[in-house]
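Structure, as structure tokens:
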Number of protein chains: 2
Amino acid sequence: MGWEDVREEVLRRIRARDWPPGEVIPGEEALAAEFGVARATVNRALRELAEAGLLERRRKAGTRVALLPVRKATLDISIIRQEVEARGESYAHRVLAQRMEGISLAAAVRMGVPAGASMLFLETLHLAGGRPFAHEVRWLNPDVLPGRVVPDFGAVSANEWLVQNVAYATGDIAFSAEAATAAEAAALGIAAGDPVFVTERVTWTAEAPITFVRLLHGPGYRLRTMV
Amino acid sequence: MGWEDVREEVLRRIRARDWPPGEVIPGEEALAAEFGVARATVNRALRELAEAGLLERRRKAGTRVALLPVRKATLDISIIRQEVEARGESYAHRVLAQRMEGISLAAAVRMGVPAGASMLFLETLHLAGGRPFAHEVRWLNPDVLPGRVVPDFGAVSANEWLVQNVAYATGDIAFSAEAATAAEAAALGIAAGDPVFVTERVTWTAEAPITFVRLLHGPGYRLRTMV
DNA sequence: TCACCCATTATGTATAGACATAATACGCCC
DNA sequence: GGGCGTATTATGTCTATACATAATGGGTGA
């Protein structure tokens with residue numbers, strides 16, 4: 001009996017309401033004895049269920065079934081090229097604009113830099129099977145470019161280049177629904193005012209902000225996840 | 001030195017490119033010796049980084065820094081009441097419709113039941129601070145109701161009632177952007193055609209589908225996550 | 001009655017040792 | 001040279017034991 005078996009059995013008991021929400025379940029020692037495994041094995045199983053939000057554990061107080069489980073859904077944030085290729089379509093991208101520019105107020109706020117700071121501005125259209133898939137607007141801190149030399153983003157997309165060449169970073173992501181502006185609609189080949197699925201990402205290192213991206217997907221796009 | 005310290009040090013080396021993408025890093029045994037900890041401690045640290053997508057581990061082949069790290073972002077899927085109250089606003093909900101009805105084709109496909117099957121149909125408006133926050137349309141399998149008795153969803157929302165009273169379930173979630181229909185717009189107090197942020201969830205147990213929910217958030221809604 | 005202190009207790013983590021498992025890479029054979 | 005089988009090896013997991021840590025709840029004293 002391995003830790004995964006223990007996890008499944010505990011999960012079964014939770015689902016079967018042998019242990020109803022809010023109830024304290026037997027301690028690790030007791031479960032280890034019942035299942036005939038070491039306490040570390042039970043610990044591993046219960047820890048995973050707690051991380052999934054199904055159990056709440058506190059020292060001394062014990063382990064209880066979550067009353068209002070906050071389900072944790074995980075999203076795989078992949079490179080757009082991978083996402084397109086995973087659908088079995090061919091990927092391509094076109095750089096629509098690339099220039100140094102004073103950063104917009106909205107982007108400056110998100111990146112935590114002064115408005116108007118000089119950043120590399122990039123506008124890219126991502127294509128799947130030759131058709132517009134996503135429209136990307138990006139501000140990139142030129143300080144993160146080795147020697148401040150701008151790479152050829154026509155060959156490798158900025159997203160991919162950054163992943164490969166700049167330090168692994170932290171960041172956050174937000175999703176929303178917006179109406180496409182005339183310019184955005186034109187780029188995506190849709191009508192102005194059509195709803196677009198917007199992904200905004202900020203990434204930074206310990207020292208400095210790296211980039212702010214605003215990614216627009218046209219109608220029909222669905223972001224999927226598994227609970 | 002604990003496993004979190006080991007994880008941070010390894011993460012530092014990855015970010016500092018001491019170990020560049022694609023490179024095989026020293027084995028657990030070697031790192032354990034270097035850090036002066038047990039192999040299990042190093043294992044725990046590396047496992048977490050692998051789960052986060054930063055490392056790729058294979059038996060015999062060893063551990064290498066991910067070439068194209070697929071970042072895993074986690075979303076907390078909470079009950080709407082919790083979400084509203086977390087914003088410091090007062091929560092309320094109104095049941096707009098509740099009746100047995102043949103399920104729509106779209107919902108039947110997602111739930112994996114025959115189209116037209118008799119389900120409990122629920123339409124609910126969730127309010128934050130007295131203003132419309134989200135519009136919910138739900139089909140609920142009446143078989144999961146104990147004794148097939150319909151609870152009072154005016155008192156406790158269906159979402160919350162299910163979490164408390166029906167077995168913990170699995171499911172999946174999808175997000176998209178759509179244009180509000182006239183009816184949806186009226187319920188949310190927005191204009192028809194305005195973009196809405198759509199969340200669709202299906203949940204089921206091992207035996208049967210439980211519910212399909214379609215949740216609409218009006219303009220201004222942002223779904224946030226941390227990478 | 002209430003505030004505070006502290007013993008108790010369940011979880012959290014670390015360790016050394018062992019065996020399991022997957023998969024590479026090498027050597028053998030053709 | 002090419003295909004195949006197998007020894008080797010790094011990770012995956014389990015165990016028993018020990019100590020650390022947080023937090024509860026009861027007891028103490030004002």
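Every chain is numbered from 1, with letters handed out A, B, ... down the list of sequences. If you're wondering where the values come from, they're calculated on a predicted model, not measured in any experiment.
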- [ ] Report the distance from atom CZ of A/Arg7 to atom C1' of D/dC14, rounded to the nearest whole Å.
- [x] 16 Å
Open item on the list: Salt bridge check, A/Glu136 against A/Arg214: does any charged N sit closer than 4.0 Å to a carboxylate O?
Closed with: no
Open item on the list: So that I can tick it off, tell me whether A/Asp172 and A/Arg201 are bridged by a salt bridge, with the cut-off set at under 4.0 angstrom between side-chain N and carboxylate O.
Closed with: no
Open item on the list: Return a single string for nucleotides 4-14 of chain C, one symbol per nucleotide in 5' to 3' order, where B is base contact, S is sugar-phosphate-only contact and - is none, cutoff 4.0 angstrom on heavy atoms.
Closed with: ----BBBBBBS
TODO: State, without any angle test, whether B/Trp204 and B/Thr170 hold a side-chain donor-acceptor pair at a distance under 3.5 Å.
DONE: yes
Task: Sidechain-backbone polar pair: A/Arg71 side chain, B/Ile77 backbone, donor-acceptor under 3.5 Å - done: no
Task: Aromatic contact, B/Phe197 with A/Phe197 (centres under 6.0 Å) - done: yes
